[in-house]
Amino acid sequence: MHSREDWEAAVEAGLGGRAEAEALAAFLAARAARPHDAEEVRFARGFHDVFLTIGVVILLAGATFGGLLAAGIPFGLILPAALAWALAEVFARRRRLVLPSIALATAFAVLCGAAVTSVYAIATDLAATGASDLPIGWTERTMGLVGVGGGILAALAFYGRFRLPFSLGLIALGFVVGTAVVDLWTNAGSAAASLDFLVVGLLIFAAAMAFDMRDPARQTLDTDKAFWLHLVAAPVIVHSMIGLLGVESRFTLDARGAAIVFAVVVVVAVVALAVDRRAL
């Protein structure tokens, strides 16, 4: 934004009349004061970030493939996870590039979750000893929860180090996946599973609202943190509510099912308007 002295100097240099300078200054001031998008999220500064992210993904994919061939499990997963962390020190902590940081956070969480799962399987040797004495699905459920827990802890560590808002979305998504693992291997009925997902979705929504309430003007990174949490909470809440109301299929709906889906969407839309969050 130009200062008053700049406009005075331009007038004195004969670049325009005082009236025109005053009008232009008022126009630019009004333009700068326009309300900004309340849900603006910073993803990329340009194609530089996009191409850099593609390069990061290719590099990590090659490192993972080569690591698995050379070192096997779990070291073939730990090495690319370490590489992702090292790259994050440059792109997330030093250069503050959001899109590459999102790719690095996702890769780090997934690789750590897979590595923890493999370590757990090797350490306990579940596939070779005692598996026949365990309840059906116990082995798969435990390994799944261990992997999800490893991914959540990795995302939490990433957030603690780099303060990337997207990491909170990964943590929330981890709890959603963990809920799915528990419901899948305990043979929970559709109503019980929907209720579990609804509870998790509402908790994530409450966390998002907590960040929104800390930043009502939406001028800090708290609004980005809330955005990612809302983005995870929304589909979980919608699908769990539809399931609780007895709609079995989202693809072949009768008149009753269509009315229920429409009503749920209207309710969520009203909530989205009330909290001013299009992510819902």
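- Aromatic ring orientation, F166 versus W228: perpendicular (interplanar angle above 60°, classes split at 30° and 60°).
- Taking all atoms of both residues into account, the shortest heavy-atom contact from A226 to D212 is CB-OD1, 3.3 Å.
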For this session: Test side-chain contact (heavy atoms from CB on, under 4.5 Å) on D196 and V182 and set out the steps.
Result: CA-CA 10 Å; D196 291 341; V182 172; 5.9 Å; no
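- L97 and D49 get closest at one heavy-atom pair: CD2-OD1, 3.8 Å.
- Judged by distance alone, the side chain of S240 and the main-chain N or O of I237 form a donor-acceptor pair under 3.5 Å.
- Connection of V90 to V98 is established within a shared hydrophobic cluster, with ILVMFWY side chains joined at heavy-atom distances below 4.5 Å, either directly or through further cluster members.
- For the pair F162 and L104, the minimum side-chain heavy-atom distance is 4.5 Å or more.
- Sorted by first and then second residue, the side-chain hydrogen bond (donor to acceptor under 3.5 Å, both in side chains) pairs with a member in residues 87-107 read W85-E89, E89-R161; sequence neighbours excluded.
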Which pairs of donor and acceptor atoms, one on a side chain in residues 110-118, lie under 3.5 Å apart (sequence neighbours left out)?
unit_1: T117; atom_1: OG1; unit_2: G113; atom_2: O; d: 2.8
unit_1: T117; atom_1: OG1; unit_2: G147; atom_2: N; d: 3.4
unit_1: S118; atom_1: OG; unit_2: A114; atom_2: O; d: 3.4
unit_1: S118; atom_1: OG; unit_2: A115; atom_2: O; d: 2.7

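- Grouping Ile, Leu, Val, Met, Phe, Trp and Tyr residues whose side-chain heavy atoms lie under 4.5 Å apart, directly or via other members, leaves L79 alone, with no other cluster members.
- Two residues are said to be in side-chain contact when any heavy atoms from C-beta on lie closer than 4.5 Å; L87 and L59 meet this criterion.
- Applying the salt bridge (charged side-chain N to carboxylate O under 4.0 Å, His left out) test to pairs two or more places apart or on separate chains, none has a residue in residues 100-118.
- R214 is listed as a side-chain neighbour of F211, based on a closest heavy-atom distance under 4.5 Å.
- Residue V119 shares its hydrophobic cluster (ILVMFWY side chains chained together at separations under 4.5 Å) with no other residue.
- Linking Ile, Leu, Val, Met, Phe, Trp and Tyr whenever their side-chain heavy atoms come within less than 4.5 Å leaves V266 and L273 in two separate clusters.
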For this session: Evaluate the criterion side-chain contact (heavy atoms from CB on, under 4.5 Å) for residue pair F227 and T223; output intermediate values, then yes/no.
Result: CA-CA 6 Å; F227 168 81; T223 185; 5.8 Å; no
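- Annotation: salt bridge (charged side-chain N to carboxylate O under 4.0 Å, His left out) contacts involving residues 163-181, sequence neighbours excluded, are absent.
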For this session: Just do the salt bridge (Lys or Arg N to Asp or Glu O under 4.0 Å) check on D215 and R218 with the steps written out, would you?
Result: CA-CA 5 Å; D215 182 25; R218 300 192 178 173; over 6 Å; no
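- Residue F158 comes nearest to L164 through the heavy atom pair CE2-CD2, 3.9 Å, listed as atom of the first residue, atom of the second, then distance.
- In this structure, the side chains of V264 and L245 come closer than 4.5 Å at one or more pairs of heavy atoms.
- Contact of the L280 side chain with the F205 side chain is registered, since non-hydrogen atoms from C-beta on lie closer than 4.5 Å.
- A continuous path of hydrophobic side-chain contacts links V148 to V236 [ILVMFWY only; heavy atoms under 4.5 Å].
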